Number of protein chains: 2
Amino acid sequence: MVQRVTLSDVAREAGVSLATASRAINGSADRSVRPELVERVTEAAARLQYTPDATAQAMARGRTTTLGLLVHDIADPYFSAIAAAVVRTAEAEGLQVSLATTQNDPAREAQLIDLMRRQRARAVVIAGGRSAGERSDALAESLAALGRQGVGIAAIGQPVPGVASVAVDNRGGAAALAASLLDLGYRRFAVLGGPTDRVTARDRREGFLDALGDRGSVASSVETAFTWEGGHRALLRLAQDGVLADVDAVVATNDVMALGALAAARELGLGVPQDVALAGFGGISTLRDVVPTLTTVTVPMDELGVRAVRLALGDQGDVVESVGCDVVIGGSTPDLRGA
Amino acid sequence: MVQRVTLSDVAREAGVSLATASRAINGSADRSVRPELVERVTEAAARLQYTPDATAQAMARGRTTTLGLLVHDIADPYFSAIAAAVVRTAEAEGLQVSLATTQNDPAREAQLIDLMRRQRARAVVIAGGRSAGERSDALAESLAALGRQGVGIAAIGQPVPGVASVAVDNRGGAAALAASLLDLGYRRFAVLGGPTDRVTARDRREGFLDALGDRGSVASSVETAFTWEGGHRALLRLAQDGVLADVDAVVATNDVMALGALAAARELGLGVPQDVALAGFGGISTLRDVVPTLTTVTVPMDELGVRAVRLALGDQGDVVESVGCDVVIGGSTPDLRGA
DNA sequence: CTGAAAGCGCTAACAC
DNA sequence: GTGTTAGCGCTTTCAG
């Protein structure tokens with residue numbers, strides 16, 4: 001039933017040696033094969049429905065054509081957008097993508113890195129932020145072991161020490177958002193800051209606050225879960241504390257939090273933007289269908305994926321590329337100056 | 001620099017034979033090893049930071065621990081939800097997921113199946129609908145070759161001939177939707193039917209129409225692209241043709257089309273549901289943030305993924321499991337009977 | 001319970 | 001240009 005056809009079968013069928021068959025089929029670099037023989041081998045292969053065994057090739061060549069991709073959660077639109085870019089780019093390089101999800105668990109992350117090492121992945125791309133004070137010794141060690149093996153590694157989102165990274169300019173984006181909102185006439189803000197220990201959230205929060213300077217003020221900056229529910233709860237709390245009445249705009253450190261806040265505002269009978277303006281961060285594509293359109297800072301997910309693959313496949317070194325973000329003003333933060 | 005540690009190194013370090021080291025580390029089924037030696041080997045492995053080479057194991061054992069997953073587009077929320085379930089389930093079975101995207105190209109699909117065969121994948125899950133009249137000879141042949149090799153295969157969405165499948169009951173769901181809308185008092189419908197040759201779209205359209213019977217009528221059933229733009233354009237056209245005024249509700253054969261239609265209605269200054277009611281199909285999670293909440297038929301993406309993996313890993317046979325869909329009534333189709 | 005040795009399917013020196 | 005052959009790192013009979 002499981003009658004595998006091997007290269008020797010093809011060689012025999014074509015009446016050539018194993019080596020010739022191998023060269024004919026994959027076109028080895030140095031040695032070349034007479035066209036006539038190539039044809040004979042190709043035909044024999046087709047006749048027998050031969051498929052090269054990638055595991056055997058990997059073994060003989062000492063390297064695979066697998067690129068490992070680690071994300072927190074592939075169902076998250078941020079990661080799935082990145083994954084799409086990674087898959088596309090990897091395929092263009094003739095690589096297969098081995099996908100694993102870390103569930104935002106640092107221990108698991110290290111474990112999966114080890115798994116990639118076992119698989120002899122050609123390169124590995126790690127997406128997704130980590131916590132600031134996180135004990136990442138295990139991760140660092142796994143990464144080091146991986147790198148020592150000659151595996152290309154790239155991190156997406158926030159730089160990982162010692163690893164080529166393509167970082168999102170969260171600070172810059174947040175600063176640009178602050179500037180835009182100030183320009184539109186907003187002065188008093190509430191910030192849904194996300195988890196305090198999360199680098200991405202922190203950068204966005206601080207970037208916003210710093211850029212505000214003395215041109216604006218922050219009535220409240222609350223710690224929240226980095227989720228829809230986090231944003232939802234936070235807004236309810238702000239309303240309950242009476243802070244909301246005193247605020248021009250609520251700024252969330254990511255889009256899904258902003259959407260949660262939007263839902264909460266609606267539940268409270270508050271209009272967005274009439275009663276409170278709202279901005280997010282991330283630029284996930286599904287925002288398209290939300291009304292009012294959400295003011296946000298777009299992160300170029302596609303570019304992150306593409307560049308990470310290139311980085312992982314290139315000369316390693318401790319590069320940190322940075323990609324910029326763009327402010328997109330939507331209906332959720334109308335121009336106050338006209339009023 | 002790339003000094004790989006092999007099992008022989010470990011064996012030497014532990015002072016045992018290669019065979020014993022192998023048995024000690026992976027705990028081979030039949031033969032067992034004296035605990036003391038196991039410990040010595042384990043320690044040696046740890047000391048040398050030994051990692052088994054998965055490609056070599058695959059080669060020696062004749063099988064990999066890879067599960068191939070084929071989707072049209074991993075950035076699509078439908079597929080990313082399925083992928084999340086597949087990855088989770090596969091990991092629980094100790095399998096790695098090799099992800100590839102077909103870009104909705106049948107030729108590419110066959111090609112990727114061949115690739116999975118080369119990779120000696122243990123099992124393959126194919127998600128995503130195909131066209132009805134599609135020349136799928138290449139696909140069928142590739143699948144057959146794969147199956148002959150003993151690789152478990154499962155298809156998600158619509159059954160593939162000769163392949164274990166977990167199908168979505170699109171007809172039933174559409175019929176249930178029709179019944180619900182009729183109950184709510186809707187009578188005249190416009191259907192955004194999707195591409196006529198696409199099985200999924202066709203089943204939903206026909207299921208809806210059949211269930212309507214003589215209790216309702218269809219003013220218009222238009223062919224559209226299965227995308228946001230498709231829904232958008234279709235609604236504009238309906239409005240232009242004056243059909244919309246004559247219709248109680250617009251029913252789209254998938255959610256993103258419904259969202260496109262929603263956007264188009266807004267552009268035309270039409271209120272949903274005041275001026276026209278709207279329903280979709282699919283139940284993608286990002287609908288949560290759309291106002292009004294969209295009436296839709298939810299497809300259990302997670303269950304699809306989980307069951308497909310089980311199917312692919314189980315006894316093959318020509319099984320077709322079917323998963324049901326649930327109608328969820330939202331604000332986009334209010335109860336007309338009160339009015 | 002342990003070891004020696006024969007492969008798994010392919011590539012890459014190395015000869016001819 | 002083509003063929004021979006020695007591995008790649010591991011598992012697994014088969015002897016002991």
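Numbered from 1 within each chain, the chains take letters A, B, ... in sequence-line order. Since this is a predicted model, take the numbers as computed values, not measurements.
- In this structure, B/L18 places its CG atom 10 Å from C1' of C/dA5, rounding to the nearest Å.
- Between A/R122 and A/E93 there is no salt bridge, since no side-chain nitrogen of the basic residue lies less than 4.0 Å from a carboxylate oxygen of the acidic one.
- Rounded to whole Å, the distance from CZ on A/R63 to P on D/dG9 is 15 Å.
- Relative to the side chain of B/A56, the nucleotides C/dA4, D/dG9, D/dG1 differ in distance, and D/dG9 lies closest.
- The 5' end of DNA chain D is approached more closely, in terms of each residue's nearest nucleotide, by A/A60 than by the other of B/T20 and A/A60.
- Heavy-atom minimum distance, B/M116 versus B/S98: CE-O, 3.8 Å.
- Taking 4.0 angstrom as the limit, A/Q57 places none of its side-chain polar atoms (N or O) nearer than this to OP1 or OP2 of C/dG9.
- A sub-4.0 Å separation between OP1 or OP2 of D/dG9 and a side-chain N or O of B/T6 is absent.
- Separating the CG atom of A/D9 from the C1' atom of C/dC10 is a distance of 13 Å, rounded to the nearest angstrom.
- The minimum heavy-atom distance between A/V71 and A/I74, with the atom names listed, is CG2-N, 3.9 Å.
- Minimum heavy-atom separation, A/A85 to A/D302: CB-O, 3.3 Å.
- In this entry the distance linking CZ of B/R12 with P of D/dC10 reads 12 Å, nearest Å.
- Dashed line: the shortest gap from a side-chain N or O of B/N26 to OP1 or OP2 of D/dC10 is not under 4.0 Å.
- B/Q103 CD: more than 12 foreign heavy atoms inside a 6.0 Å radius.
- Residue side chain A/R23 reaches the base of D/dG3 through a donor-acceptor N/O pair under 3.5 Å, judged by distance alone.
- Residue A/S22 places at least one side-chain N or O closer than 4.0 Å to OP1 or OP2 of C/dT11.
- Distance, A/L7 CG to D/dG3 P: 12 Å, rounded to whole Å.
- Comparing B/A19 and B/M59 against DNA chain C, the residue whose closest nucleotide sits nearer the 5' end is B/A19.
- One can place CZ of A/R118 at 10 Å from P of D/dC10, the figure rounded to the nearest angstrom.
- Across the protein-nucleic acid pair, A/R120 atom CZ and D/dC10 atom P stand 7 Å apart, rounded to whole Å.
- The distance between atom CD of A/Q119 and atom P of D/dC10, rounded to the nearest whole Å, is 15 Å.
- For A/R61 against C/dG9, no side-chain N or O and base N or O form a donor-acceptor pair under 3.5 Å.
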